[in-house]
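First up is the structure itself, then whatever we jot down about it.
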Amino acid sequence: MAARSGSWCPRPGSSAGPLPGAPSPRIIVVHRLSAIACRHDWRPLVEACDFRGMEARWKPFWEERGLYRTGSDPDREPFYCLDFFPYPSGAGLSVGHCRNYIPTDVISRRMRMGGRNVLHPMGWDAFGQPAEEYAIKTGIHPSIVTRRNTDTYRRQMKLIECSYDWSREIDSSDPAYYRWTQSFFLLLFDRGLAYEDENDQMWCPACRIVLSNEEAAGGCCWRCGGEVTRKRLKQWYFRITSYADRLLAGLDGLDWPEGIKAMQRNWIGRSEGAEVLFRVEAPGGLLVDLPVYTTRLDTIYGATFCVVAPEHPGLAGITQPERMEEVLRYASAARARSDRERLVSAEREKTGVFTGSFALNPFSGERVPVWVSDYVLSGYGTAAIMAVPAHDERDHAFARRFGIPMIEVIAPGGVPRGVEEAATTADGILLNSGEFGGLDSETARERMAAKAEAGGFGRVAVRYRFRDWLVSRQRYWGAPVPMIHCSACGAVPDRNLPVLLPPVESYEPDDTGRSPLARAADWVETSCPVCGGPASRDTNTMAGFACSSWYFLRFASPWEKERPFDPESVRYWLPVDLYVGGAEHAVMHLLYARFWTKVMYDAGVIDFDEPFTVLKNQGMLLGADHQKMSKSRGNVVTPDEMAERYGVDALRLYILFMGPFEADLEWSEEGIAGTSRFLKRLWALVLESPPGDGAPADASFRRELRYQLAKTVKKVTGDVDSFQFNTAVAALMEFVNFLAASRDRAPSASDDWRKAVSDLLLLLAPMTPFIAEELWHRLGFEGCTIHEQRWPGWSEADLVRDTVEMAVQVSGKVRGHITVPSEASEEEIREAALSSPRIREMLEGRKPVRIVVVPRRLVNLIV
RNA sequence: GCCGGAGUGGCGGAAUGGCAGACGCGGCGGACUCAAAAUCCGCUGUCCGCAAGGGCGUGAGGGUUCGACUCCCUCCUCCGGCACCA
């Protein structure tokens, strides 16, 4: 076998006919003489397909040409194709990450070939805990570790030939970047959307950090999975809840996966209900208003007690002296328990303590006891409820436990169901409800709210489940909160940006919730920008999600020094046309970024209020053992080893081919071996193509060839554009199989054959850039790159065939086939079917009672 | 419990309401080889049959239709998310 690594230059002595409009192709064909001597089936053999040689050859060629520079041709439409901002972890990329980066790369390349200016950038969400943990252990500054990790990521992304415009690379931990993160913090502060509040925070004792609600979903830390406890701390918040309705409404217009939109709706958790005042007879004859929030105002005549959360600020005020000790003991015990503990124990049995006080139901005038229990949450509604055991499962469980009576006030479908065994939670007809008896639930809610409103003891109220975004962190490796605390002026913005991270002795956080920055005394001590008096810097840093809430804007003009971005560039490129990443950010990054975008829109900084027009989530890639890939399981496969063994093209093609983009799939090394084989067959097909001389023209074959080509171009174009890469690859394989099977007839269709092969390479170019370029040049297209060619088109006329084969069914079962002209009328088709010998046999003389003809598909004879 | 998504050969997966299983993997048989690997050719849902051919088949059960993997209803299983939010 003639192995000729190192040179792709055409050799003298081999030649082939010219491609239309192209320089003369020169093809290397090495005849194995022994084979000719021994065998009659003469087959030329070509040099081996050497992927390493190709990669070494083309990388510098493209680099030199600046192939991946962002397009700036003013006549072209922009296309912004963006990957989620990666945190560069020390482990580097696995093939799992490739399921994100390779498809977006294919789309970017396809869009460039489609004549679009493409912005396809990459950068690093570089602030974050792992680098800091490492710094704590080793004393090495996090920026050094981060640099090491980003170098690895960049190297691997280049290895798999992602076509990023590296001149636009950004790093969120660079002061040139984070000064703008800080400036946006101040923008929010100036607009009243950033505020400080002292509260019981979710605290992860393992990470020694506070968590936002999104980060502590389910009572577990999103990073370490550990149990979340509470800690009372003063922290910075962004008022995201004031954008709740717009965040909700904006979802409708987005081309995002329904699941992600549903998760956001769910998380925001809008509910419409009513706030009603119960008047509590507090100690000392005082009457205290206790507002409760309910979505079931229609059940209020069934309220037999009230419950306040242990954290309720009015709890002590409404507790009778003789119950005080017990109530306070209960409340502080509840506060001491983690959310998780509270949840778990609540599943077993409800707990609570009677306050000794009674409240008046404003509708029924009934006197009901007021309890304290941890099943009422402090952060939602008014932290107090009216309990209707007959029609709420939780209240039912509580009432049963403590022997509190129940009153049935709703009859679903007009039929009382009885409520001793279980609560009836459905809507229905009201009973035992005074003047509202006989109304349906919905009408009752409206009328009752109106009455409460008129009487001044209630009103309709909308509540949201999500809370404001807790953004400050007690950690070193983040963007410092650019605020100064002055005893005279309060919290004052520091507009002298950037506020640089100071050098510190140790990166260790402590258990008090104070950041390591607090120990940098020289840095902390400063003067107040307003009054000039002594003041201290805020020692919190911002959560990483602040950095990733605007990075997509920075990519439009990352070189800007005096402003975060050039408005003109942002207007040109944004919003992002295609945004791709994992589904795990559904309610964190994706919600925060939408919020910042809306704030910037309101501030007149940008002219759109949704950042990501189309969102797609790639599926997870599991190891060959069906387990999530992880270092500890030892099932991680890296692109490096796969590129080494099979080449980058084979890896890229396998990632695309292995299954649907959104599906969770398992890695299989047999699979990548398959795409590697396919590329070798392609290589042989193109290089072994017989020269186009001698053979007489074969018109019917040429038509067939054109048909197959048009079909393939159409299919691949449609599939790639709709993210169905797996079926696009399958169509390319089918086409190669077709060409290989009909190679003997190639000389009789030489121009069409060359067109077919060069279009095939163009279709492959975005997926397998190396082999496509190599074969493109070997086909004779020299002095240009395949990656700057136009995406091929097809002619609908080529898709029309003379005859079609149709299935003939007898009573719905396929019993034979007929071949008819593709333009045949229904009548002709019917005739052809009925006169087919095989069908006549199947009919056994029976006459069809009905004949259904679907032109070009099938005939169904019903007997 | 609620919200999303998915159930098709030995495996990954294809199928605008119109011939289920494209394409690939694996397996079996053959060619080439001293041999193996690689490569090439053929077969490969399942059952009955020497064969021609036929029966059965898309998680289960109903329904709509000439015709259902596809649409409707009921149910089961798996994956992801949320979960005492009143």
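Residue numbers start from 1 in every chain, and the chains themselves are labelled A, B, ... in the order their sequence lines are given, proteins ahead of strands.
Heavy atoms of A:S271 sit under 4.0 angstrom from primed sugar atoms or phosphate atoms, though from no base atom. If you check every strand for non-hydrogen atoms under 4.0 Å, A:E805 touches a base. Within 4.0 Å of A:N860, counting heavy atoms only, lies at least one base atom of the nucleic acid. Within the 4.0 angstrom heavy-atom criterion, no nucleotide atom of any strand lies near A:K715. In this structure, A:P660 reaches the sugar-phosphate backbone alone: every heavy-atom distance under 4.0 Å involves primed, P, OP1 or OP2 atoms, never a base. Within the 4.0 angstrom heavy-atom criterion, base atoms lie near A:F657. Using a 4.0 Å heavy-atom criterion, one finds that A:A217 contacts the sugar-phosphate atoms exclusively. Counting any heavy atom pair closer than 4.0 Å across all strands shown, A:I862 reaches sugar-phosphate atoms only and no base atom.
For the pair A:I260 CD1 and B:rC3 C1', the computed distance is 13 Å after rounding to whole Å. Nucleotide B:rC82 holds its C1' atom 19 Å from the OH atom of A:Y464, rounded to whole Å.
For B:rG24, neither phosphate oxygen OP1 nor OP2 lies less than 4.0 angstrom from any side-chain nitrogen or oxygen of A:N726. Between A:R850 and B:rC66 there is a side-chain N or O to OP1 or OP2 distance below 4.0 Å. Side-chain nitrogen and oxygen atoms of A:R815 include at least one within less than 4.0 Å of the OP1 or OP2 phosphate oxygen of B:rG54. At B:rA86, one or more side-chain N or O atoms of A:Y380 fall inside 4.0 Å of OP1 or OP2 (strictly under the cut-off).
Closest to the side chain of A:I385, from the set B:rG12, B:rA83, B:rA86, is B:rA86. Among B:rG81, B:rC66, B:rA83, the nucleotide with an atom closest to any side-chain atom of A:N266 is B:rG81.
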Would you please test A:W683 and A:F51 for ring-ring contact (aromatic ring centres under 6.0 Å, His included) and show each step? CA-CA 11 Å; A:W683 175 265; A:F51 61 82; over 10 Å; no
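Counting all heavy atoms, side chain and backbone alike, A:A833 lies closest to A:I818 at N-CD1, 3.9 Å.
Under the 90° criterion around 0 for the glycosidic angle, B:rG9 counts as syn.
A salt bridge is defined here as a Lys NZ or Arg NE, NH1 or NH2 lying under 4.0 Å from an Asp or Glu carboxylate O, and A:D252 with A:R265 meets this definition.
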